[in-house]
2 protein chains.
Amino acid sequence: MKILVVEDEPAMVELLRYNLESEGFDVASAPDGEEAIMAIEEQSPDMVLLDWMIPKVSGIEICRRLRRDQKFRNLPVIMITARGEESDRVRGLDVGADDYVAKPFSPAELMARIRAVLRRGNPNAGGESLQIADVNMDLVAYKVSRGSRELHLGPTEFKLLRFFMERPGRVLTREQLLDGVWGQNVYVEDRTVDVHIRRLRKVLNENGDVDLIRTVRAVGYCFEKA
Amino acid sequence: MKILVVEDEPAMVELLRYNLESEGFDVASAPDGEEAIMAIEEQSPDMVLLDWMIPKVSGIEICRRLRRDQKFRNLPVIMITARGEESDRVRGLDVGADDYVAKPFSPAELMARIRAVLRRGNPNAGGESLQIADVNMDLVAYKVSRGSRELHLGPTEFKLLRFFMERPGRVLTREQLLDGVWGQNVYVEDRTVDVHIRRLRKVLNENGDVDLIRTVRAVGYCFEKA
DNA sequence: CCTCAGTCAGAAAAAATTTATAAATAACAA
DNA sequence: TTGTTATTTATAAATTTTTTCTGACTGAGG
């Protein structure tokens with residue numbers, strides 16, 4: 001779980017880094033708005049702690065941009081700032097921040113808010129199994145079954161199916177699948193996805209079961225919800 | 001959008017009701033924990049404003065129960081309470097509340113927090129589907145339906161319809177359509193647009209439905225608003 | 001060995017574009 | 001109005017292109 005701290009005061013960065021690392025998070029930091037934007041693109045953190053008053057591009061502006069960008073729309077953002085005025089708080093939240101913490105803040109409360117925001121973003125976390133239609137994936141035992149039939153999946157097929165089942169009903173592009181299943185800086189061909197889709201289908205539909213994976217031509221694939 | 005207010009002081013309920021209704025929410029209320037639980041089951045609100053100190057079953061306990069219940073795991077909860085101590089705030093958030101507001105609070109800030117929490121819960125709200133007349137386009141699942149009938153569109157028809165539905169009631173020239181749907185440096189004949197319009201019409205009006213695409217002679221086509 | 005990931009290449013399927021022709025509409029003159 | 005003509009759009013069929021499917025092959029690693 002990586003958290004990007006966007007803050008220009010080194011002392012504050014260190015305070016946050018210390019607390020976050022104690023909670024087991026990876027921490028990256030950026031001292032100003034421009035670097036923040038680059039860091040978000042490059043490191044794809046799981047959450048951003050964003051100071052309002054930072055050089056170059058303001059926190060508010062960054063937040064607005066993230067919310068407009070399809071790719072980062074759901075990236076959790078907590079705004080941190082010295083401005084405690086109510087109107088500022090309202091503005092911070094309305095611009096799309098997930099939460100708002102005023103300086104000076106208590107580290108324990110900030111950590112609680114971080115946990116709360118992350119818990120929301122990942123409502124599946126904590127769940128030990130996924131169930132879509134008649135397909136069940138046991139994330140603890142790493143076993144998958146369709147109906148009463150146990151399925152044997154290779155590691156990649158497993159991750160692929162999991163990625164699908166965490167996003168049922170969504171059409172996912174090959175690029176999204178490669179990023180999510182293979183990892184972001186892995187170079188493999190687009191066609192590789194096709195092949196694994198085929199293998200997954202083969203196992204999933206061994207009996208005459210209906211195909212739950214829908215091909216959306218020129219876009220990608222979708223695991224059907226119902 | 002229905003919000004359940006769980007609060008035992010009538011004056012506070014009225015204050016909240018007034019503010020919420022001004023923002024266009026439906027409001028239900030429950031004076032204690034037991035009634036709250038029933039109200040959640042029966043009315044299935046979209047969000048709960050939960051006072052910590054209420055009779056019978058405490059707010060904390062209700063929150064805990066909701067978080068354990070598969071059915072209500074994702075129901076947004078904002079805790080409201082007189083207790084402003086940091087340890088209480090941490091506890092409120094860690095028990096699974098989506099946000100925490102201490103009394104006395106400013107109505108404007110509470111409303112901003114409500115909007116923020118609802119926005120999160122509904123990441124689909126931000127233009128993930130288009131609806132014009134009885135035609136619905138789901139941009140996440142890539143599914144199009146007219147009335148209750150599902151339609152099958154090829155990639156180009158899909159993009160074309162999307163382009164139209166994003167600009168209902170506007171007459172679009174073939175050139176505009178080619179730029180918008182095909183891309184700006186693609187050379188294809190004008191007639192190609194006609195062909196795709198025809199295919200789109202065919203699918204859209206398979207039943208005896210009225211044609212929503214109006215031909216504007218010597219200009220182009222228009223997707224009718226109503 | 002055995003399993004599995006990745007690549008490739010040809011087959012198959014689906015969809016896009018062009019072409020040719022028919023139909024519709026507008027413009028205009030009688 | 002009524003024909004006539006020119007222009008524009010509709011439609012089906014043919015062709016081409018794009019995209020996906022599929023089986024087979026290779027090599028890595030247990």
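Letters go in sequence order (proteins before strands), and every chain restarts at 1.
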Would you mind telling me which residue lines up with the more 5' stretch of DNA chain D, B:R174 or B:K202, judged by nearest nucleotide?
B:R174
Using the six-membered ring wherever Trp is involved, compare the ring planes of A:H196 and A:W182 and label them parallel, tilted or perpendicular (cut-offs 30° and 60°).
perpendicular
Nearest heavy-atom approach of A:F105 to A:V101 is CB-CG1, 3.3 Å
Could you tell me whether the phosphate oxygens of C:dA15, OP1 or OP2, come under 4.0 Å of any side-chain nitrogen or oxygen in B:R199?
no
Does a side-chain N or O from B:R201 land closer than 4.0 Å to OP1 or OP2 of D:dA10, or not?
yes
Mind calculating the distance between CZ (A:R214) and C1' (D:dT20) to the nearest angstrom?
16 Å
Under 4.0 Å from OP1 or OP2 of C:dT17: is there any side-chain N or O of B:W182 that close?
yes
Rounded off to whole Å, could you give me the NZ-to-C1' distance for the B:K159 and C:dA16 pair?
11 Å
Do any side-chain nitrogens or oxygens of A:R217 fall under 4.0 Å of OP1 or OP2 in C:dA13?
no
What nucleotide, of D:dC21, C:dT18, C:dA16, holds the atom closest to the side chain of A:D194?
D:dC21
What integer distance in Å separates A:L200:CG from C:dA5:P?
11 Å
Is a donor on one side and an acceptor on the other found under 3.5 Å between the side chain of B:E157 and the backbone of B:G154?
yes
A:H196 side chain N/O closer than 4.0 Å to the phosphate oxygens (OP1, OP2) of C:dT7?
no
Nearest whole Å is fine: how far is C:dA16 P from B:F158 CZ?
13 Å
C:dA15, OP1 or OP2 - any side-chain N/O from B:T156 closer than 4.0 Å?
no
Closest listed nucleotide, where the reference is the side chain of B:V188 and the choices are C:dT18, C:dC4, C:dG6
C:dT18
Separation of atom CD in B:E189 from atom C1' in C:dT19, rounded to whole Å:
10 Å
Side chains of B:R146 and B:N136: donor-acceptor distance under 3.5 Å anywhere?
no
Rounding to an integer number of Å, can you tell me how far A:D190 CG sits from C:dC8 P?
13 Å
Quick note, B:T192 side chain, CB onward, closest among D:dT9, C:dT17, C:dA15 is C:dT17
Any side-chain N or O of A:T215 below 4.0 angstrom from OP1/OP2 of D:dC21?
yes
Applying the side chain to side chain donor-acceptor pair (under 3.5 Å) criterion to B:Y221, which one of B:R201, B:R214, B:Q176, B:R174 satisfies it?
B:R174
Taking atom C1' of C:dA5 as reference, at what distance in whole Å does atom CG of A:L178 sit?
13 Å
Salt bridge or not between A:R91 and A:D94? Use side-chain N to carboxylate O under 4.0 Å.
no
Quick one: is B:R191 getting a side-chain N or O under 4.0 Å of the C:dA20 phosphate, OP1 or OP2?
no
Look at A:Y221 and D:dC21 and indicate whether a side-chain polar atom (N or O) is within less than 4.0 Å of OP1 or OP2.
yes
Measure from CG on A:L160 to P on C:dG6 and round the result to the nearest Å.
11 Å
